[in-house]
Visitor: 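The structure is given below, and queries will be raised subsequently.
Heavy-atom basis, side chains included; hydrogens, waters and symmetry copies ignored. Numbers restart at 1 for each chain; the letters A, B, ... are given by sequence-line order, proteins then strands. Keep in mind the model is a prediction, meaning the values are calculated, not measured.
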2 protein chains.
Amino acid sequence: AAGVASSTVSAAPAVHTGLPAIKWRMTSSFPKSVDTLFGSAEMLANRVREITGGKFDIRIHAPGEIVPALMALDAVQQNTVEMCHTCSYYYVGKDKAFGFGTAIPFGLNARQMDAWIIAGNGQQLLDEFYANYNLYSFLGGNTGVQMGGWYRKQISTVDDIKGLKIRIAGLGGEILSRMGAVPQQLGGGDIYTSLEKGTIDAAEWVAPYDDEKLGLYKVAPYYYSPGWWEPGPVVHFFVNRQEWDKLPKEYQAAFRAASREAHILMTSTYDHKNPQALARLLGQGVKLQGFSNEIMKKAYDVSRELYAEEAAKNPAWAKIYADFDKYRKSQNAWFGVAEAGFDRFMQSVR
Amino acid sequence: AAGVASSTVSAAPAVHTGLPAIKWRMTSSFPKSVDTLFGSAEMLANRVREITGGKFDIRIHAPGEIVPALMALDAVQQNTVEMCHTCSYYYVGKDKAFGFGTAIPFGLNARQMDAWIIAGNGQQLLDEFYANYNLYSFLGGNTGVQMGGWYRKQISTVDDIKGLKIRIAGLGGEILSRMGAVPQQLGGGDIYTSLEKGTIDAAEWVAPYDDEKLGLYKVAPYYYSPGWWEPGPVVHFFVNRQEWDKLPKEYQAAFRAASREAHILMTSTYDHKNPQALARLLGQGVKLQGFSNEIMKKAYDVSRELYAEEAAKNPAWAKIYADFDKYRKSQNAWFGVAEAGFDRFMQSVR
């Protein structure tokens with residue numbers, strides 16, 4: 001296709017002449033087997049290579065090849081690798097404000113996160129915070145609302161939460177802990193056996209497409225919705241600031257565009273695959289349940305307490321939360337009108 | 001930023017050397033005043049220029065500068081211009097199957113359209129159809145669910161639709177016509193006066209951000225939701241097939257990535273601006289109303305009749321609809337679980 005002859009093509013000097021060959025390493029927090037997540041990183045790398053004729057070459061490394069899964073952010077901060085694909089909320093142990101970039105319980109859904117980051121104050125507020133860790137952030141995917149996980153028994157009331165041993169991390173785990181549950185940290189590979197043995201009573205993972213692969217329905221048939229702790233979780237490309245600043249502006253532009261394409265690919269792929277997986281799971285006898293309003297409301301109230309406490313002692317949290325929370329209210333006032341009105345009807349006639 | 005010195009930068013030969021300078025013209029169906037729509041075309045053009053160091057240069061032309069607003073597709077088909085920014089459903093007069101690419105009544109919402117086109121069979125089915133018009137299609141924005149328009153009086157029952165003179169075009173107009181309404185075709189500039197004089201009883205436009213500018217609330221205070229005829233309307237970049245095939249593959253890749261970035265920018269911008277506009281409108285005394293389930297159900301049933309009739313006589317419609325309708329059912333079965341469960345709760349506590 002390069003042999004072009006057309007009145008719109010002139011023999012102007014080639015502007016790209018002399019742009020450098022650049023090799024970057026991207027460490028991922030996700031194994032290749034989680035193909036929707038890993039695939040978005042592949043799309044970014046492939047597209048950037050295509051655009052630059054192979055000159056800007058980003059190689060992806062699975063967790064453990066160079067850097068352990070949950071050290072990805074640290075490796076970029078220290079410039080061990082130029083960039084990573086991870087979720088900011090994996091790092092709430094450093095600062096709870098890392099939650100905002102991905103998801104906080106009862107936060108924004110996927111479209112609302114996009115609006116806040118792309119058109120609202122989100123990108124600026126987050127990058128101001130990430131600057132403390134020597135990072136620039138780029139949207140790198142969104143799973144959509146996740147599910148509430150797999151339970152060996154029904155839980156209907158706030159009382160049923162008490163003593164519940166549930167595999168869940170992060171702020172969702174903190175809220176459930178305040179409600180009397182006993183959050184557990186377990187790798188994906190250990191969930192099945194722990195549920196089977198009754199070492200744990202429940203476990204959250206992602207949503208039907210990823211959950212199906214773990215086979216948890218065989219040992220914990222009650223499948224609860226929604227995962228109120230992960231309403232629209234964003235996955236990130238984090239880039240070391242010095243390495244970014246060294247890029248030619250053409251490569252920065254290529255990266256920006258390609259990362260946005262990778263971002264939307266992930267949501268669309270999940271939205272495409274989850275319905276089919278849900279249908280298969282229901283065919284296996286999975287018992288689909290919604291969390292009761294009593295449980296949702298109690299968890300929501302606890303989240304508000306937690307956030308107020310954090311705001312009182314953490315200026316980074318306070319600054320971002322003020323904007324985020326105002327945005328949430330405004331967004332839900334609008335999404336409750338046209339989007340919800342339409343969706344509700346379509347779900348009723350399907 | 002081009003003066004790079006780093007261990008990851010080598011002196012490999014410049015692959016972009018010799019790529020041609022290319023100038024394209026994009027005719028838009030949207031005036032600059034509709035800034036969210038026009039802005040997405042600008043983003044595409046700007047990003048492609050940035051990526052290619054100015055060598056791939058797309059100039060945007062407002063409606064009428066080269067081509068009238070609703071002749072954009074024809075102009076690309078005939079290669080008067082290389083590309084356009086328009087909505088495929090403006091061309092349902094040629095073939096009703098042009099509806100699918102943008103929106104059909106009671107079709108897919110914005111995220112579902114993305115999933116169908118990006119991860120499902122949508123892109124392939126649509127491009128097979130557009131090939132008859134010598135076009136390639138690229139996602140170029142989505143407004144989200146639109147509103148149901150402005151009404152001088154309340155309409156509560158199917159009987160209230162009878163004789164209603166409403167400004168609405170396309171398949172939505174056909175459905176309302178079958179329900180006894182009298183659809184009218186009016187340019188945006190004539191709506192206000194016609195409503196004021198009572199020449200028409202109602203008019204649909206877009207959603208709060210764009211609607212506010214027309215000031216229709218002053219003459220038709222009942223603002224209905226949702227616009228069931230436009231659940232997730234996609235805006236398109238259509239490209240002439242021969243011109244596309246002539247592009248160097250690096251420019252094709254740049255265009256693909258930049259168009260996806262433009263696509264998501266539009267939705268995020270609308271999602272950002274609509275809530276603020278809705279709040280202002282409510283402050284002006286606008287009476288927000290939801291269409292009754294009776295009206296929604298009747299319109300839905302009529303849409304099913306219309307689609308069955310069209311499938312019986314139009315093979316292009318029949319082929320796309322079979323896939324689209326199956327997709328819709330599967331999507332709503334899933335979106336009714338986690339997304340709706342979460343959103344419903346958040347809308348209740350705001």
Visitor: I need the residue from R344(B), H272(B), H263(B), E261(B) with the largest number of non-hydrogen atom pairs under 4.5 Å to chain A.
Guide: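 So the answer, after comparing R344(B), H272(B), H263(B), E261(B), is H272(B).
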Visitor: Please look at R328(B) and chain A and tell me whether the side chain, the backbone, both or neither of the residue comes under 4.5 angstrom of a heavy atom of that chain.
Guide: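 Only the side chain of R328(B) comes within 4.5 Å of chain A.
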Visitor: What part of Y300(B) gets within 4.5 angstrom of chain A, counting heavy atoms only: side chain, backbone, both, or neither?
Guide: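 Only the side chain of Y300(B) comes within 4.5 Å of chain A.
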Visitor: In terms of heavy-atom proximity below 4.5 Å to chain A, should F345(B) be classed as side chain, backbone, both, or neither?
Guide: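 Contact with chain A: side chain only.
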Visitor: With a 4.5 angstrom heavy-atom cut-off, is it the side chain or the backbone of Y327(B) that approaches chain A, or both, or neither?
Guide: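 Answer is side chain: those atoms of Y327(B) sit under 4.5 Å from chain A.
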Visitor: Need one label for A279(A): side chain, backbone, both or neither, based on atoms under 4.5 Å from any heavy atom in chain B.
Guide: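 It is neither, since no heavy atom gets under 4.5 Å.
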Visitor: Find the one option among T269(B), I264(B), N109(B), L265(B) whose heavy-atom pairs under 4.5 Å with chain A are most numerous.
Guide: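 When all of T269(B), I264(B), N109(B), L265(B) are compared, I264(B) has the most.
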Visitor: Quick one: what part of K297(B) sits under 4.5 Å from any heavy atom of chain A, side chain, backbone, both or neither?
Guide: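 When you check distances to chain A, atoms from both the backbone and side chain of K297(B) fall under 4.5 Å.
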Visitor: Can you tell me which of E339(A), R25(A), R260(A) forms the most heavy-atom pairs within a distance under 4.5 Å of chain B?
Guide: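 Top option by heavy-atom pairs under 4.5 Å: E339(A).
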Visitor: I'd like to know which of G341(A), A277(A), S225(A), S259(A) tops the heavy-atom pair count under 4.5 Å against chain B.
Guide: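 Of G341(A), A277(A), S225(A), S259(A), S225(A) has the most heavy-atom pairs under 4.5 Å with chain B.
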Visitor: Count the heavy-atom pairs under 4.5 Å between each of Q146(B), M43(B), Q276(B), R256(B) and chain A, then report the option with the highest count.
Guide: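 Of the options given, most contacts go to R256(B).
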Visitor: If you count heavy-atom pairs under 4.5 Å with chain B, which of D343(A), V337(A), L278(A) comes out on top?
Guide: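 Top count of heavy-atom pairs under 4.5 Å with chain B: V337(A).
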Visitor: I'd like to verify something: which residue of Q331(A), R111(A), M147(A) has the highest number of heavy-atom pairs under 4.5 Å with chain B?
Guide: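 Of the options given, most contacts go to R111(A).
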Visitor: Against chain B, work out which of A207(A), S348(A), G120(A), G148(A) has the most heavy-atom pairs shorter than 4.5 Å and name it.
Guide: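 It is G120(A).
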Visitor: Looking only at non-hydrogen atoms, find the nearest pair between A253(A) and R47(B) and report the distance.
Guide: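 Looks like O-CD, 3.7 Å.
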Visitor: Side chain from CB out, backbone as N, CA, C, O: work out which of these in S330(B) comes under 4.5 Å of a heavy atom of chain A, or both, or neither.
Guide: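 Interface part for S330(B): both.
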Visitor: Out of W228(B), W116(B), Y224(B), return the one with the most heavy atom pairs under 4.5 angstrom to chain A.
Guide: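 Result: the option with the highest number of such pairs is W228(B).
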Visitor: If I take atom CZ from residue F255(B) and atom CD1 from residue I51(A), how far apart are they, to the nearest 0.5 angstrom?
Guide: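 Reported value, rounded in 0.5 Å steps: 12.5 Å.
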Visitor: Between L282(B) and chain A, with a heavy-atom cut-off of 4.5 Å, which part of the residue counts as in contact: side chain, backbone, both or neither?
Guide: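 Answer is neither: L282(B) stays 4.5 Å or more from chain A.
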Visitor: Give, as side chain, backbone, both or neither, the part of L288(A) having an atom under 4.5 angstrom from any heavy atom of chain B.
Guide: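 The side chain, not the backbone.
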Visitor: Tell me the closest heavy-atom pair linking F342(B) and G107(A), and the distance in Å.
Guide: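 Nearest heavy atoms, F342(B) then G107(A): CZ-O, 3.5 Å.
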Visitor: CG/D271(A) to CZ/F335(B) distance, rounded to the nearest 0.5 angstrom?
Guide: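 Answer rounded to 0.5 Å: 3.5 Å.
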Visitor: For the candidates A258(B), G290(B), A110(B), P208(B), which exhibits the highest count of non-hydrogen atom pairs separated by less than 4.5 Å from chain A?
Guide: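 The residue among A258(B), G290(B), A110(B), P208(B) with the greatest pair count is P208(B).
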Visitor: Based on non-hydrogen pairs under 4.5 Å, which of P231(B), S268(B), A262(B), A333(B) is most in contact with chain A?
Guide: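 It is S268(B).
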Visitor: In Å and rounded to the nearest 0.5 Å, what is the CH2 to OH distance from W334(A) to Y209(B)?
Guide: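 Output value for this atom pair is 14.0 Å.
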Visitor: Can you say whether Q112(B) sits under 4.5 Å from chain A via the side chain, the backbone, both, or neither, judging by heavy atoms?
Guide: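 Looking at Q112(B), nothing touches chain A.
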Visitor: Just checking R59(B): does its CZ atom have more than 12 heavy atoms from other residues, nucleotides or ligands closer to it than 6.0 angstrom?
Guide: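 Count not over threshold, so no.
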